[in-house]
Amino acid sequence: MTTFKDRSDVFAELGTKLNIAEIFETLIDGPVPIRFTAYDGSSTGPQDSEFGLEIVHPRGVNYIANAPGDLGMARAYISGDMIAHGVHEGDPYELLKAMAGLKFRRPTALQLVTIARSLGWELLKPVAPPPQEAMPRWRRMALEGLLHSKTRDAEAIHHHYDVSNAFYEHVLGPSMTYTCAVYEDENWTLEQAQENKYRLVFDKLNLKPGDRLLDIGCGWGGMVRYAARQGVKVIGATLSAEQAEWAQAKIAEERLSELAEVRHSDYRDIAEGEFDAVSSIGLTEHIGVHNYPAYFEFMKSKLRVGGTFLNHSITRPDNKHTSKAGDFIDRYVFPDGELAGSGRIISEIQNVGLEVLHEENLRYHYALTLAEWCDNLVKNWDDCVAEVGDGTAKVWGLYMAGCQLGFERNVVQLHQVLGVKLGDDNAWTVPLRPWWKA
């Protein structure tokens with residue numbers, strides 16, 4: 001069926017003006033999968049759709065027209081210029097699922113002229129994005145330094161993690177664990193699954209009382225405290241000042257200070273060495289793919305001969321796709337975040353001379369984890385909005401629900417890679433078969 005957006009004569013006709021729904025259709029490649037309405041009374045998409053988007057302010061049209069795709073839609077939604085129907089703002093998963101096939105396209109020059117004529121040139125002048133948006137990469141380079149320099153990494157971590165400890169407590173729950181949980185079955189609670197994740201990492205590392213562990217990118221210290229409770233001496237490092245402050249207070253509260261410490265520090269500044277194990281749970285995503293060699297060389301340098309390491313990170317499902325995050329994730333969630341396939345990670349580990357012992361994919365476990373976080377956000381929505389504001393709370397609902405869909409659809413995966421540091425004699429220093437309960 002040919003629609004008006006496919007007809008060049010509509011756009012060529014002098015004086016043609018489009019309503020907002022027609023402009024939206026012009027920016028979409030294919031049918032509109034949900035109901036779309038606008039403040040001018042226009043609409044498009046199936047009338048019986050359970051879900052809908054409504055443009056309630058001209059600025060929302062400006063955002064979408066100037067940045068067709070996920071960035072423009074996010075700006076309109078986060079600013080409140082576009083509202084969602086049929087879902088809670090803390091968990092728009094079902095809406096995103098219904099929109100999964102939605103694809104934007106850049107309008108032609110003729111279409112742009114018609115859009116501008118319809119809206120008025122003044123309405124299309126770029127306006128400032130919502131305050132939750134980070135600067136584009138090129139501006140970060142000018143103001144914060146080279147990609148993955150210590151200064152720029154610190155700013156990226158600050159943007160994402162120094163939101164509010166109280167907000168994170170509402171979303172993450174008592175464990176304050178912002179990484180994939182490991183479920184025995186889908187009926188487990190989030191807290192059971194997070195405790196099980198720490199147990200799995202601890203057991204894979206083959207740790208025992210009296211050993212020394214370095215946990216880099218330690219967050220709020222969940223792994224640090226778990227290991228200390230088992231009698232292991234642990235140093236954790238995080239670039240987030242708020243995380244370090246919360247973690248140290250929790251360590252003192254649990255009377256673990258003789259064994260556990262969380263430092264507000266770049267992991268590269270940890271001076272101690274000869275650890276029995278190194279864990280990295282959710283840090284690799286922030287490192288930068290080109291820095292993998294130095295990152296894994298650092299792990300190697302901190303281990304004693306025979307020491308074990310575990311790298312737990314989000315990955316691409318293959319080793320061909322670009323490492324950079326999409327515009328929404330880069331601007332609103334993880335500035336400078338990069339992902340690679342598990343094959344690339346394993347290759348880089350091997351290339352620095354570490355031996356890989358075991359690898360597993362926990363992709364669906366992360367989808368379950370994200371669903372629990374969204375549920376927490378919905379249940380604590382008013383408190384979360386009071387803590388960080390409506391716009392930031394909507395960023396988190398959009399981000400977590402979108403990631404849940406991504407893990408379910410194999411857009412991203414979660415891999416744990418376990419290995420060991422060999423001595424000059426390459427002697428085998430671990431049990432013959434896996435020694436942990438999966």
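Counting from 1, the numbers follow the sequence of the chain as shown.
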With a 3.5 Å cut-off and sequence neighbours excluded, list the donor-acceptor pairs that the side chains of residues 76-84 form with protein atoms.
unit_1, atom_1, unit_2, atom_2, d
Ser79, OG, Arg75, O, 2.8
Ser79, OG, Ala76, O, 3.0
Ser79, OG, Asp81, N, 3.3
Ser79, OG, Asp81, OD2, 2.7
Asp81, OD1, Arg59, NH2, 3.2
Asp81, OD2, Arg59, NE, 2.6
Asp81, OD2, Arg59, NH2, 3.3

Could you tell me which residues satisfy side chain to side chain donor-acceptor pair (under 3.5 Å) with [X], sequence neighbours excluded, listed by chain and number?
X      : result
Glu253 : Lys250
Lys320 : none
Asp375 : Lys379
Lys103 : none

With sequence neighbours excluded, tell me which residues meet side-chain contact (heavy atoms from CB on, under 4.5 Å) with [X].
X      : result
His170 : Asn380, Asp383, Cys384
Asp390 : Glu89, Trp381, Val385, Lys394
Lys97  : Tyr93, Glu94, Leu405, Arg409
Asp424 : none

Quiz item: If we ignore angles and hydrogens, is there a donor and acceptor under 3.5 Å between the side chains of Trp220 and Glu242?
Solution: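 There is no such pair between these side chains.
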Please, which pairs that meet side chain to side chain donor-acceptor pair (under 3.5 Å) have at least one residue in [range], sequence neighbours excluded?
range            : value
residues 428-438 : Glu184-Lys437
residues 301-317 : Asp276-Arg304, Thr284-Asn311, Tyr295-Asn311, Asn311-Ser313, His312-Gln416
residues 223-236 : Arg225-Glu254, Arg229-Glu254

